[in-house]
Amino acid sequence: MSLLQPSFQQFTSGFTPAVSISLPPPPSFYVSVSRRSFAYCCSSQSETAVVNGRFDGRINERDEIRLGLPSKGRMAADTLDLLKDCQLSVKQVNPRQYVAQIPQLPNIEVWFQRPKDIVRKLLSGDLDLGIMGLDTVSEYGQGDDDLIIVHDALEYGDCHLSLAIPKYGIFENINSLKELAQMPQWTADRPLRVATGFTYLGPKFMNENGLKHVVFSTADGALEAAPAMGIADAILDLVSSGTTLRENNLKEIEGGVVLESQAVLVASRKALIQRKGALDTTHEILERFEAHLRAVGQFTVTANMRGRSAEEVAERVLSQPSLSGLQGPTVSPVFCKRDGKVAADYYAIVICVPKKALYKSVQQLRAIGGSGVLISPLTYIFDEETPRWRELLSKLGL
Ligand SMILES: Nc1ncnc2c1ncn2[C@@H]1O[C@H](COP(=O)(O)OP(=O)(O)OP(=O)(O)O)[C@@H](O)[C@H]1O
Ligand SMILES: O=P(O)(O)OC[C@H]1O[C@H](OP(=O)(O)OP(=O)(O)O)[C@H](O)[C@@H]1O
Ligand SMILES: [Mg+2]
């Protein structure tokens, strides 16, 4: 069997999917050779091929639907928390056991994997669904059209992938990508040196932004040290609080953001179309996510209000910008007995209010005669149909 021989050199922004790695070569590594092909495993002792095969055609034969969840790192705990909040508790006997079940979804088998491996295994057909950061799916999925983003905003793991340069020296007055590109220092002989772990997105971004003389090197972490060590001029890495950049005297620049990222739910198109039950289960997971995520930003507000009729009370409520609720207020009569007769002088109103607008809403309610305002948390908001489900069906051509 002939094996691809990887080269140990820096890779340039004249991007080809074959990734070369800066020296020295590790004893064993993976290199992705093509968007639709295989990852080869090479080792100094033995050479074994086809580790993560991407096979076109029919899906792997099995009955269960496989969901890949992050096994460790930043995304792991938050992913389990999200599922739990959606009443999908993952039953894992101990943290080192990589397979688990979700009793509420009996046809699902959970596999804990590193986020980048979840993407690889979705492509190879060994997983059907997965949760990871958008940065990871963009980097390791490389735009493969088998990967479908089912939910693009799970509201955790927020960060952005960004280019950063030193605050000092020749970069002191450089504040935009355009200014960086126009610096006379970068030539074919002395290109801009960028350190990044994003060996697909980095060169792609530089190409798309017309930066010609760029060379990339890679490392597994602590990239922010590279400029001060003299290894690189710039870095391209994830930023969330900005502390690591600040502590290493680096700054972001205008036009330098490659990608805004948060946790996403991804599916294999092939699995959704061909695997029995995969689409229905995805629908259920999506509905639970959407219902929970819509609700977390809202409170239920109940108040009593004096009025002549339900319509008159509703009109007063709707005259206030923060009180319109999801579809308008629910107004119900509060009955009492007066002179031996049952009458309704008061009405109870129920509305949903964004958490951020809570105090403003209470003020507006008081202004229109509301009293006894009760605030309760909202757990789920199930709509008739979620927009993301319609979007998914359309992406699948269904
Ligand atoms: N400040 C941050 N730095 C890095 N990743 C972040 C940050 N904030 C959120 N994330 C998200 O968390 C993911 C990193 O998760 P994790 O720590 O598990 O790393 P990993 O994927 O296991 O990779 P590695 O082991 O190479 O660090 C990123 O892909 C990103 O989506
Ligand atoms: O903007 P901040 O909140 O400072 O976060 C950004 C830093 O966090 C990540 O590194 P990580 O903590 O994973 O360490 P590593 O680089 O050694 O992997 C990332 O690679 C940045 O270096
Ligand atoms: Mg880092």
Side-chain angles (χ1 to χ4, degrees), residues 19 21-22 26 28-32 39 52 67-83 90 92 95-96 98 110-123 127 130-142 147 149-167 194-202 204-205 216-229 231-232 234-253 256-266 289:
V19 172
I21 299 170
S22 54
S28 72
F29 58 89
Y30 294 89
V31 54
S32 161
N52 289 316
L67 167 66
L69 300 182
S71 53
K72 61 177 183 177
R74 283 185 176 81
M75 312 290 289
D78 287 348
T79 302
L80 293 180
D81 287 349
L82 170 70
L83 289 163
V90 180
Q92 190 185 17
R96 301 305 293 178
Y98 294 130
V110 168
W111 286 95
F112 289 100
Q113 293 285 291
R114 298 289 288 272
K116 57 186 105 167
D117 288 329
I118 296 176
V119 179
R120 292 178 178 133
K121 287 182 166 70
L122 283 167
L123 286 173
L127 289 172
I131 293 180
M132 73 297 293
L134 180 65
D135 57 302
T136 308
V137 68
S138 308
E139 172 67 22
Y140 295 94
Q142 303 192 354
L147 296 178
I149 307 229
V150 179
H151 198 303
D152 60 343
L154 297 179
E155 294 183 14
Y156 63 94
D158 293 57
C159 57
H160 58 278
L161 180 61
S162 189
L163 192 69
I165 55 174
K167 289 179 183 165
V194 182
T196 187
F198 289 80
T199 56
Y200 169 76
L201 291 176
K204 185 169 174 282
F205 177 76
F216 291 86
S217 63
T218 192
D220 287 338
L223 290 166
E224 290 83 354
M229 289 175 81
I231 299 167
I235 66 152
L236 194 135
D237 196 11
L238 295 172
V239 180
S240 52
S241 67
T243 309
T244 316
L245 288 183
R246 213 167 34 247
E247 294 301 324
N248 288 282
N249 265 317
L250 299 171
K251 63 182 176 190
E252 292 183 81
I253 51 176
V257 175
V258 179
L259 180 95
E260 293 286 348
S261 181
Q262 60 177 297
V264 295
L265 171 67
V266 179
F289 282 2

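Remember, it's 1-based here, ligands and their atoms both numbered in the order they're listed.
If you check which protein heavy atom lies closest to atom 29 (O) of ligand 1, you get Asp135 OD2, 2.6 Å. For atom 6 (C) of ligand 1, the closest non-hydrogen atom on the protein side is Arg74 CD, 3.5 Å. For atom 5 (N) of ligand 1, the closest non-hydrogen atom of the protein is Leu238 CD1, 3.3 Å. Of the protein's heavy atoms, Gly73 CA, 3.2 Å lies nearest to atom 18 (O) of ligand 1. Looking from atom 1 (N) of ligand 1 to the surrounding protein, the closest heavy atom is Ser240 OG, 2.7 Å.
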Starting from the N and O atoms of ligand 2, find every protein N or O within less than 3.5 Å and list the pair with its distance.
{"unit_1": "ligand 2", "atom_1": "1 (O)", "unit_2": "Ser240", "atom_2": "N", "d": "2.8"}
{"unit_1": "ligand 2", "atom_1": "1 (O)", "unit_2": "Ser241", "atom_2": "N", "d": "3.1"}
{"unit_1": "ligand 2", "atom_1": "1 (O)", "unit_2": "Gly242", "atom_2": "N", "d": "2.7"}
{"unit_1": "ligand 2", "atom_1": "3 (O)", "unit_2": "Ser240", "atom_2": "OG", "d": "3.0"}
{"unit_1": "ligand 2", "atom_1": "3 (O)", "unit_2": "Ser241", "atom_2": "N", "d": "2.9"}
{"unit_1": "ligand 2", "atom_1": "3 (O)", "unit_2": "Ser241", "atom_2": "OG", "d": "2.5"}
{"unit_1": "ligand 2", "atom_1": "4 (O)", "unit_2": "Thr244", "atom_2": "N", "d": "2.9"}
{"unit_1": "ligand 2", "atom_1": "4 (O)", "unit_2": "Thr244", "atom_2": "OG1", "d": "2.4"}
{"unit_1": "ligand 2", "atom_1": "8 (O)", "unit_2": "Arg74", "atom_2": "NH2", "d": "3.4"}
{"unit_1": "ligand 2", "atom_1": "12 (O)", "unit_2": "Arg74", "atom_2": "NH2", "d": "2.8"}
{"unit_1": "ligand 2", "atom_1": "13 (O)", "unit_2": "Arg74", "atom_2": "NH1", "d": "3.1"}
{"unit_1": "ligand 2", "atom_1": "16 (O)", "unit_2": "Ala222", "atom_2": "N", "d": "2.8"}
{"unit_1": "ligand 2", "atom_1": "17 (O)", "unit_2": "Ala222", "atom_2": "N", "d": "3.3"}
{"unit_1": "ligand 2", "atom_1": "20 (O)", "unit_2": "Asp237", "atom_2": "OD1", "d": "3.3"}
{"unit_1": "ligand 2", "atom_1": "20 (O)", "unit_2": "Asp237", "atom_2": "OD2", "d": "2.7"}
{"unit_1": "ligand 2", "atom_1": "22 (O)", "unit_2": "Glu224", "atom_2": "OE1", "d": "3.2"}
{"unit_1": "ligand 2", "atom_1": "22 (O)", "unit_2": "Glu224", "atom_2": "OE2", "d": "2.5"}
{"unit_1": "ligand 2", "atom_1": "22 (O)", "unit_2": "Asp237", "atom_2": "OD2", "d": "3.4"}

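The contact set between ligand 1 and Lys72, taken as ligand atoms under 4.0 Å from a residue heavy atom, comprises 18 (O). Listed by number with element, the atoms of ligand 1 under 4.0 Å from a non-hydrogen atom of Arg114 are 22 (O), 24 (P), 25 (O). The atoms of ligand 1 that sit less than 4.0 Å from any heavy atom of Asp158 are 8 (N), 9 (C). Counting the atoms of ligand 1 from 1 in the order shown, those under 4.0 Å from a heavy atom of Gly133 are 31 (O). With ligand atoms numbered from 1 in the order given, ligand 1 contributes 26 (O) to contacts under 4.0 Å with heavy atoms of Lys116. Close approach to Thr136 involves these atoms of ligand 1, each under 4.0 Å from a residue heavy atom: 29 (O).
In this structure, the side chains of Lys251 and Ile165 come closer than 4.5 Å at one or more pairs of heavy atoms. Leu236 is listed as a side-chain neighbour of Leu161, based on a closest heavy-atom distance under 4.5 Å. Between Leu163 and Val258, the closest side-chain pair of non-hydrogen atoms is not below 4.5 Å. Side-chain contact check for Gln92 versus Leu69: every heavy-atom pair is 4.5 Å or farther apart. Residues Asp78 and Leu154 are not in side-chain contact: their nearest non-hydrogen atoms beyond the backbone lie 4.5 Å or more apart. A 4.5 Å side-chain heavy-atom check between Phe198 and Thr218 finds every atom pair outside the cut-off. Side-chain contact between Val119 and Val266 is absent, with no heavy atoms from C-beta onward closer than 4.5 Å. Between Lys167 and Arg246, the closest side-chain pair of non-hydrogen atoms falls below 4.5 Å.
Between Ser240 atom OG and Arg74 atom CZ the span is 6.0 Å, to the nearest 0.5 Å. Annotation: the span from Leu259 atom CG to Ser138 atom OG amounts to 4.5 Å, rounded to 0.5 Å.
Protein non-hydrogen atoms do reach within 4.0 Å of atom 12 (O) of ligand 1. Shown here, atom 21 (O) of ligand 1 is in close reach of the protein: a heavy atom of it lies under 4.0 Å off.
Partners of Asp152 according to the salt bridge (Lys or Arg N to Asp or Glu O under 4.0 Å) rule, which considers only residues two or more places apart in sequence or in another chain, are Arg388.
Of all non-hydrogen atoms in Gly141 and Leu123, the two that sit nearest each other are CA-CD1, 4.2 Å.
Proximity of Gln262 to ligand 1 is not established, as no heavy-atom distance is less than 4.0 Å. Heavy atoms of Pro70 come nearer than 4.0 angstrom to ligand 1 in no pair at all.
Test Leu80, Thr136, Thr79 against Pro70 for side-chain contact (heavy atoms from CB on, under 4.5 Å) and you get one pass: Thr79.
Here atom 10 (N) of ligand 1 lies nearest to Cys159 when heavy atoms of Cys159, Gly221, Gly197 are compared.
Judged purely by distance below 3.5 Å, without hydrogens or angles, the side chains of Glu252 and Ser162 pair a donor atom with an acceptor atom.
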